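Notes to accompany the following structure.
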Amino acid sequence: METVYSALKPTGKLTIGNYLGAIKNMTAMTDEYNCIYTVADLHSITVTIEPSALRENTLDMFSMLVALGLTPDKCLLFLQSRVPMHSELAWILDCFTMFGEARRMTQFKDKSLKAPENVNVGLFAYPVLMAADILLYGAKYVPIGKDQQQHLELARTIADRFNNRYSPTFVVPEGVYPKVGAKIGSLIDPTAKMGKTDENADGTVFMLDDKDTIMRKFKRAVTDSGSEIVFSPDKPGISNLMTIYSAFTGKTTDEVASEFSDGNYARFKLAVGETVASFLLKAQEEYRRIRSDKAYIAELLSSSADKAAHIAYKTLAKAKRKVGFVV
Ligand code: TYM
């Protein structure tokens, strides 16, 4: 059985962009693959974050992922900071990543512009840690959204370079992108990514938003001039809403277009809001049950990290031997 790996970082609260871009595929793949997933808390400290917020986000995210179906009988879900091999392999891989390659990463450039006072070395090396995450588990497939594609390509480059320098050590991973929803735009600025830490929270629908908030956000979502509900590059607002609706209902964009052929934007936005709310409210019920079960979470956090460390250690030891460390 091939291995699938993915991770999400708890810099903020989960959004429907995270769900449609990654979590939906992560869940679907558990039936056919050996799935290993991580809450990537080490990645979170590349930006300034309050310790209490990081702790809370981490537990919220972990619980929500379990609530969405990433249960221990379906996959291995653990916290990255509890498995030290990630940092250790990242150092080795740092030495197989060229400065110019890391500097070209658009996310590094974007984040550097956003927080010029905190362009730290961790932010620069971020994609190398991500490569270590994936390569430790011999993952063949990595379900992610489009914004992570460049990082995944770098992970492939690093794996190839290491394998060619020594001998085949790492599986070279492939990205898996959803057909619909690989890049969900902000509801306020649909050409920009819907993000966990956007300044304007009205553009982002969080997995834990209540019904009123969800409805309000969709009601206020930016639409385009004209009064046609069609999927087209010159209608980024409507196309984004169609993508969201289509991803949650399983209807094609053509079917969505004919369902709303009267061009009534208000009716359409209401339908998108209702659809998203009904999905989220159900997930939230299960989430609350899990999140309040402190003993269950504590046990799961420690048993899953032990299992992950066991797998990760084998790959790390192999890599250490290859480079010439006395192991
Ligand atoms: P993160 O936490 O920013 O996002 C988690 C996942 O959600 C996807 N995503 C989106 N998809 C569609 N539309 C959006 N608006 C949207 N926003 C986010 C992301 O593509 C991602 O799949 N570096 C990673 C975390 C990570 C990782 C890894 C991923 C760490 N190690 C190893 C895969 C493999 C990140 O920041 O994701």
Side-chain angles (χ1 to χ4, degrees), residues 3-27 29 35-47 49 54 57-58 60-62 64-65 68 70 78-81 83 86-87 89-90 93 105-108 110-111 122-123 125-137 139-156 158-159 171 173-198 203-207 236 240 243-244 247 308 312:
T3 297
V4 169
Y5 181 91
S6 197
L8 303 99
K9 63 177 185 306
T11 40
K13 308 283 182 196
L14 281 176
T15 73
I16 60 167
N18 298 134
Y19 177 73
L20 297 177
I23 303 169
K24 202 167 165 229
N25 267 345
M26 287 163 66
T27 313
M29 292 175 98
C35 292
I36 303 182
Y37 300 133
T38 308
V39 175
D41 50 357
L42 295 175
H43 280 97
S44 288
I45 60 165
T46 56
V47 295
I49 185 165
L54 176 55
N57 291 346
T58 301
D60 288 356
M61 182 176 277
F62 188 85
M64 183 50 105
L65 293 175
L68 290 167
L70 302 182
F78 66 96
L79 299 192
Q80 187 189 30
S81 64
V83 181
H86 290 244
S87 313
L89 182 63
L93 299 184
M105 295 293 112
T106 51
Q107 203 166 82
F108 171 69
D110 290 349
K111 297 229 156 113
L123 189 66
Y126 176 116
V128 188
L129 177 59
M130 181 165 156
D133 295 342
I134 301 167
L135 302 184
L136 272 177
Y137 299 94
K140 176 93 180 120
Y141 300 114
V142 183
I144 40 176
K146 272 284 167 203
D147 65 314
Q148 295 301 316
Q149 186 168 24
Q150 198 186 29
H151 290 163
L152 196 271
E153 293 300 327
L154 182 60
R156 291 171 57 86
I158 297 170
V171 174
E174 288 168 29
V176 175
Y177 307 94
K179 285 192 194 73
V180 182
K183 184 179 185 265
I184 300 297
S186 154
L187 299 189
I188 298 299
D189 177 9
T191 54
K193 181 180 91 167
M194 180 185 283
K196 288 190 207 93
T197 52
D198 282 358
T204 303
V205 179
F206 295 98
M207 297 299 284
N240 191 39
T243 301
I244 294 171

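Source: prediction; values computed, not measured. Read the numbers this way: they start at 1 and go in the same order the structure lists the ligands and their atoms. Note that these values count all heavy atoms, side chains included, but never hydrogens, waters or copies made by symmetry.
Ranking the protein heavy atoms by distance from atom 21 (C) of ligand 1 puts Gln148 CG, 3.9 Å first. Looking only at protein heavy atoms, the nearest one to atom 3 (O) of ligand 1 is Lys9 NZ, 3.0 Å. Of the protein's non-hydrogen atoms, Asn18 ND2, 3.1 Å is the one closest to atom 18 (C) of ligand 1. Ranking protein heavy atoms by distance to atom 12 (C) of ligand 1, first place goes to Ala182 O, 3.2 Å. Closest to atom 23 (N) of ligand 1, if we only count protein heavy atoms, is Tyr126 OH, 2.7 Å. Nearest non-hydrogen protein atom to atom 31 (N) of ligand 1 is Asp133 OD2, 2.6 Å. The closest protein non-hydrogen atom to atom 28 (C) of ligand 1 is Met130 CG, 3.3 Å. Annotation: atom 25 (C) of ligand 1 to nearest protein heavy atom, Ala7 O, 3.4 Å.
Within the structure, ligand 1 has Asp147 among the residues with a heavy atom less than 4.0 angstrom away. Ligand 1 lies out of reach of Pro127, whose nearest heavy atom is not under 4.0 Å from it.
The Ile144 neighbourhood of ligand 1 comprises atoms 22 (O), 33 (C), with distances under 4.0 Å to a heavy atom of that residue. Listed by atom number, the atoms of ligand 1 under 4.0 Å from Gly181 heavy atoms are 12 (C). Less than 4.0 angstrom separates some heavy atom of Ala22 from each of these atoms of ligand 1: 6 (C), 7 (O), 22 (O). In summary, the atoms of ligand 1 found under 4.0 Å from a heavy atom of Met194, numbered by their order in the structure, are 14 (C), 15 (N), 17 (N).
The backbone N or O of Met130 lies less than 3.5 Å from no partner atom in the side chain of His151, so there is not a single donor-acceptor pair. Gln80 contributes a side-chain N or O that, together with a main-chain N or O of Leu42, makes up a donor-acceptor pair within less than 3.5 Å. Panel note: side chain Lys196, backbone Lys9; a donor-acceptor pair is recorded below 3.5 Å.
A heavy-atom distance below 4.5 Å is found between the side chains of Phe78 and Thr38. Gln107 is listed as a side-chain neighbour of Gln148, based on a closest heavy-atom distance under 4.5 Å. Two residues are said to be in side-chain contact when any heavy atoms from C-beta on lie closer than 4.5 Å; Lys13 and Asp60 meet this criterion. Annotation: side chain of Phe108 is in contact with side chain of Leu123 (closest heavy-atom distance under 4.5 Å). Inter-residue side-chain proximity for Ile23 and Leu8 is flagged as met; some heavy-atom pair is nearer than 4.5 Å. Looking at Ile144 and Ser6, their side chains come closer than 4.5 Å, going by heavy atoms from C-beta outward. With a 4.5 Å cut-off on side-chain heavy atoms, Met29 and Val176 count as touching.
Of the N or O atoms in Gly145, one or more lie within a sub-3.5 Å distance of an N or O in ligand 1.
Heavy atoms of Lys183 found under 4.0 angstrom from ligand 1 belong exclusively to the backbone. The proximity of Ala40 to ligand 1, defined as any non-hydrogen pair under 4.0 Å, is limited to the side chain. Contact annotation: for Lys196 versus ligand 1, heavy atoms closer than 4.0 Å belong to the side chain alone. Of all the heavy atoms of Ile134, the ones lying under 4.0 Å from any atom of ligand 1 belong exclusively to the side chain.
Among residues two or more places apart in sequence or in another chain, the side chain to side chain donor-acceptor pair (under 3.5 Å) test is passed with Tyr137 by His86.
Here the shortest heavy-atom distance to atom 15 (N) of ligand 1, taken over Ile184, Thr46, Ile244, belongs to Ile184.
If you check the side chains of Asn25 and Thr27, you find no donor sitting under 3.5 Å from an acceptor.
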